Undergrad: 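First, the structure itself, so that you have it in front of you.
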Amino acid sequence: MAYDALIVGAGYAGAVSARRLAEDGGKRVLLLERRPHVGGNAYDGPDEEGVVIHFYGPHIFHTNDRRVFDYLSRFTKWRRYQHRVIANLPRDNPEVVPAHKNTDGRFFFPVPFNLDSLKNTFGMKEGARLGQKLLDAYPAQSQVTILELRQNPDPEIAAIADYVYEHVFVHYTMKQWGQTPEEIDPATTARVPVRLSTDDRYFQDAYQGMPLEGYTPMFEKMLDHPNITVETGTDALDRLELADGFIRLDGEVFRGPVIYTGQADELFGFQFGPLPYRTLEFGCETLPRDYFQSHGTVNYTVDGDFTRITEFKHLTGQVKPGVTTIMREYSKAYTGKDGEIPYYAIISPENNALYAKYKAEADQYPNLHLLGRLAEYKYYNMDAIAARALTLTDGML
Ligand code: FAD
Ligand code: UDP
């Protein structure tokens with residue numbers, strides 16, 4: 001069968017693009033996916049005990065982009081869910097009786113760190129006083145990044161900043177990136193600012209939720225179109241050849257649009273060297289109890305060799321008495337070893353410059369489009385990728 005468009009990868013970038021080109025553009029789309037399933041890193045489904053989990057790490061949908069929300073809403077209903085996260089850390093200040101104290105010498109506060117986190121940490125009275133101090137320095141309801149807060153010249157605010165840096169950011173960031181908050185891209189820690197409010201939601205976007213039946217069914221619906229052929233278990237690199245400005249599919253020059261959502265360095269045979277990534281190992285544990293923890297995600301911001309524990313039943317709302325599955329995330333450098341998955345691009349001027357070489361190579365192919373978290377070497381959330389797929393395909397229709 002002849003195809004008008006070729007798409008590599010069945011995550012958000014590939015699936016949204018495929019549907020648009022097939023439905024709105026009337027194009028016959030071939031979508032190749034290396035994994036045995038669609039959904040990319042958002043893939044979910046029941047584990048061996050029947051608890052629905054996200055196999056590639058916890059995914060919570062949130063966006064301010066109405067167009068993205070409306071587009072995805074064609075393929076799923078939503079469960080209303082607002083993600084809340086707490087930090088779990090050793091109590092190092094026995095003078096203070098934290099609001100959420102527990103008996104084993106650990107305590108908890110909301111993350112992003114907010115005015116209530118201050119009270120949990122420093123006690124009600126002192127926490128309120130320090131909160132007022134912050135509110136005198138920054139507008140109420142605003143948020144400030146930890147790196148900005150640390151620049152504040154007021155000694156008491158600087159002390160709060162140091163506390164938050166030490167108890168929320170530095171150890172977690174070292175675990176996640178192997179680097180300090182100063183060494184990584186500032187936009188990364190800016191994702192989790194300090195809040196001048198008591199809003200304890202992890203995200204503040206207008207639209208938040210979880211696909212009611214799960215991400216995988218949403219992707220399956222999106223890709224269920226007579227103009228779309230999906231081949232899972234197919235590595236596009238076995239079928240594609242890029243040379244002299246021409247893309248060949250199975251030996252034949254392919255002239256339609258090619259949207260590639262895998263790694264840019266891999267597409268070009270790592271010719272300029274591999275792009276650095278962080279990978280994750282997921283430690284899943286199924287426990288014979290209703291729930292393990294109070295929140296969907298608990299961040300281990302000071303100790304432990306993992307960054308966070310997510311309990312999926314909180315996210316999905318699945319009713320399943322007597323059994324629950326939790327996932328610990330262990331971050332490490334990506335080595336490119338078989339089976340390892342590159343999850344996070346490591347954004348830095350040097351790595352961006354290396355990426356630019358691959359992008360320049362891609363630009364030699366007029367019908368090639370690099371799209372997605374891997375192909376663009378960026379730290380994008382799901383909604384941002386869906387938005388980029390809508391915009392790219394706008395230009396093709
Ligand atoms: P992917 O989902 O990675 O899809 C790319 C697909 O291309 C993959 O299926 C891959 O197998 C396939 N592929 C690659 N190369 C080839 C090839 N040669 N041939 C065939 N197929 C190929 N975002 C949020 O909005 N909220 C969250 O809560 C959230 N949590 C996250 C948690 C973790 C641990 C991680 C790592 C990411 C999280 N994200 C979250 C980000 C989200 O995963 C991405 O934004 C989204 O998956 C990007 O979609 P994509 O299509 O660009 O890439
Ligand atoms: N971060 C941190 N402590 C936390 C939460 C986040 O230091 O408790 C930092 C860390 O560097 C992390 C970044 O903020 O990589 C972004 O956090 P987010 O939860 O958005 O990461 P993701 O869910 O994308 O892995």
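Residues: numbered from 1 along the sequence shown. Note that the structure is a prediction, hence the values are computed from the model and not measured. Ligands are counted one by one from 1 in listed order, and the atoms in each one are counted from 1 as well.
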Undergrad: Might you point out which heavy atoms bring Pro366 and Gly245 nearest each other, and give the distance in Å?
TA: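 Residues Pro366 and Gly245, closest heavy atoms: CD-O, 3.8 Å.
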Undergrad: Out of Gly262, Ala15, Gly39, Pro58, whose heavy atom sits nearest atom 32 (C) of ligand 1?
TA: Pro58
Undergrad: Could you list which atoms of ligand 1 come closer than 4.0 Å to a heavy atom of Ala236?
TA: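 In order of numbering, the contacting atoms are 17 (C), 18 (N), 19 (N), 20 (C).
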Undergrad: For Val38, is the nearest heavy atom under 4.0 Å from an atom of ligand 1?
TA: no
Undergrad: Angle between ring planes, Tyr277 versus Tyr377, binned at 30° and 60°: parallel, tilted or perpendicular?
TA: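 Rings of Tyr277 and Tyr377: perpendicular, over 60°.
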Undergrad: Heavy-atom contacts with Gly372 under 4.0 Å: which atoms of ligand 1 show up? List them by number with element.
TA: 52 (O)
Undergrad: Partners of Glu329 by salt bridge (Lys or Arg N to Asp or Glu O under 4.0 Å), sequence neighbours excluded?
TA: Arg308
Undergrad: Below 3.5 angstrom, do we get any N/O pair linking Glu329 and ligand 1?
TA: no
Undergrad: I'd like to know if Tyr43 contacts ligand 1, where contact means a heavy-atom distance under 4.0 Å to any ligand atom.
TA: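 The answer is no: ligand 1 sits nowhere under 4.0 Å from a heavy atom of Tyr43.
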Undergrad: Can you check whether Asn41 has an N/O within less than 3.5 Å of an N/O in ligand 1?
TA: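 In this structure, Asn41 places an N or O atom under 3.5 Å from an N or O of ligand 1.
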Undergrad: Looking at Ala18 and Leu223, what are the two nearest heavy atoms and their distance?
TA: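 Between these two residues, the closest heavy atoms are CB-CD2, 4.0 Å.
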Undergrad: Can you list the atoms of ligand 1 that are under 4.0 Å from a heavy atom of Tyr344?
TA: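 Ligand 1 atoms under the 4.0 Å threshold to Tyr344: 33 (C), 34 (C).
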Undergrad: Geometry only, no angles: is Arg35 polar-contacting ligand 1 at N/O separations under 3.5 Å?
TA: yes
Undergrad: Between Thr63 and Asp205, is there a side-chain donor-acceptor contact under 3.5 Å, judged purely by atom types and distance?
TA: no
Undergrad: Taking distance alone, with no angle check, do Phe61 and ligand 1 share an N/O pair under 3.5 Å?
TA: no
Undergrad: Quick check: Tyr365 with Phe246 (ring centres under 6.0 Å apart)?
TA: no
Undergrad: For each nitrogen or oxygen atom of ligand 2, which protein N/O atoms lie closer than 3.5 Å, and how far apart are they, rounded to 0.1 Å?
TA:
from, atom 1, to, atom 2, distance (Å)
ligand 2, 3 (N), Val168, O, 2.9
ligand 2, 7 (O), Val168, O, 3.4
ligand 2, 7 (O), Phe169, O, 3.3
ligand 2, 7 (O), Thr173, OG1, 3.0
ligand 2, 8 (O), Asn299, ND2, 2.9
ligand 2, 11 (O), Thr173, OG1, 2.9
ligand 2, 15 (O), Trp177, NE1, 2.8
ligand 2, 19 (O), Tyr202, OH, 2.5
ligand 2, 20 (O), Arg191, NE, 2.8
ligand 2, 20 (O), Arg191, NH2, 3.3
ligand 2, 21 (O), Tyr379, OH, 3.2
ligand 2, 23 (O), Arg308, NH1, 2.9
ligand 2, 23 (O), Arg308, NH2, 3.3
ligand 2, 24 (O), Arg191, NH2, 3.1
ligand 2, 24 (O), Tyr379, OH, 2.5
ligand 2, 25 (O), Arg308, NH2, 3.3
ligand 2, 25 (O), Tyr344, OH, 2.5

Undergrad: Return yes when at least one protein heavy atom is under 4.0 Å from atom 43 (O) of ligand 1, and no when none is.
TA: yes
Undergrad: Please check if the distance between the ring centroids of Phe312 and His314 is under 6.0 Å.
TA: no
Undergrad: Less than 6.0 Å separating the ring centroids of Trp78 and Tyr207?
TA: no
Undergrad: Taking distance alone, with N or O pairs closer than 3.5 Å, would you say Leu374 contacts ligand 1?
TA: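 Min N/O separation from ligand 1 is not below 3.5 Å for Leu374.
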Undergrad: Going by heavy-atom distance to atom 34 (C) of ligand 1, choose the closest among Leu280, Ile60, Thr279, Val16.
TA: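 It is Leu280 whose heavy atom sits nearest to atom 34 (C) of ligand 1.
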Undergrad: Give the atom numbers and elements of ligand 1 that come within less than 4.0 Å of a heavy atom of Met382.
TA: 23 (N), 24 (C), 25 (O), 26 (N), 42 (C), 45 (O)
Undergrad: Do any N/O atoms on Gln263 end up under 3.5 angstrom from N/O atoms on ligand 1?
TA: no
Undergrad: Strictly under 6.0 Å, is that where the ring centroids of Tyr215 and Phe219 end up?
TA: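 They do not qualify: ring centres at least 6.0 Å apart.
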Undergrad: When you measure from atom 18 (N) of ligand 1 to each heavy atom in Leu371, Asp235, Thr232, which option holds the nearest one?
TA: Asp235
Undergrad: What about Glu33: any of its N or O atoms under 3.5 Å from an N or O on ligand 1?
TA: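 Between Glu33 and ligand 1 (N or O atoms, distance only) the closest approach is under 3.5 Å.
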Undergrad: Drop me the distance from Asn299's CG to Thr310's OG1, to the nearest 0.5 angstrom.
TA: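 The CG atom of Asn299 sits 8.0 Å away from the OG1 atom of Thr310.
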Undergrad: Aromatic contact between Tyr260 and His369, with the criterion being ring centroids under 6.0 Å apart: yes or no?
TA: no
Undergrad: Applying side-chain contact (heavy atoms from CB on, under 4.5 Å), can you list everything that pairs with Tyr330, at least two apart in sequence or on another chain?
TA: Glu281, Asp305, Phe306, Arg328
Undergrad: Please say whether Glu266 places an N or O atom under 3.5 Å from an N or O atom belonging to ligand 1.
TA: no
Undergrad: Any side-chain heavy atom of Ile86 within less than 4.5 Å of one from Ser294?
TA: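 They are in side-chain contact.
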Undergrad: Do ligand 1 and Tyr12 have nitrogen or oxygen atoms that lie under 3.5 Å from each other?
TA: yes
Undergrad: Taking side-chain hydrogen bond (donor to acceptor under 3.5 Å, both in side chains) as the cut-off, I'd like each qualifying pair that reaches into residues 169-178, sequence neighbours left out, listed once.
TA: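 Pairs touching residues 169-178 that pass the test: Glu166-His171.
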Undergrad: Below 4.0 angstrom from a heavy atom of Leu32, which ligand 1 atoms are there? Numbered from 1 as shown, please.
TA: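 Every atom of ligand 1 under 4.0 Å from some heavy atom of Leu32: 20 (C), 21 (N).
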Undergrad: Return yes or no for this condition: an N or O of Phe203 is under 3.5 Å from an N or O of ligand 1.
TA: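 No; every N/O pair is 3.5 Å or more apart.
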Undergrad: Please confirm whether Tyr56 and His37 have ring centers closer than 6.0 angstrom.
TA: yes
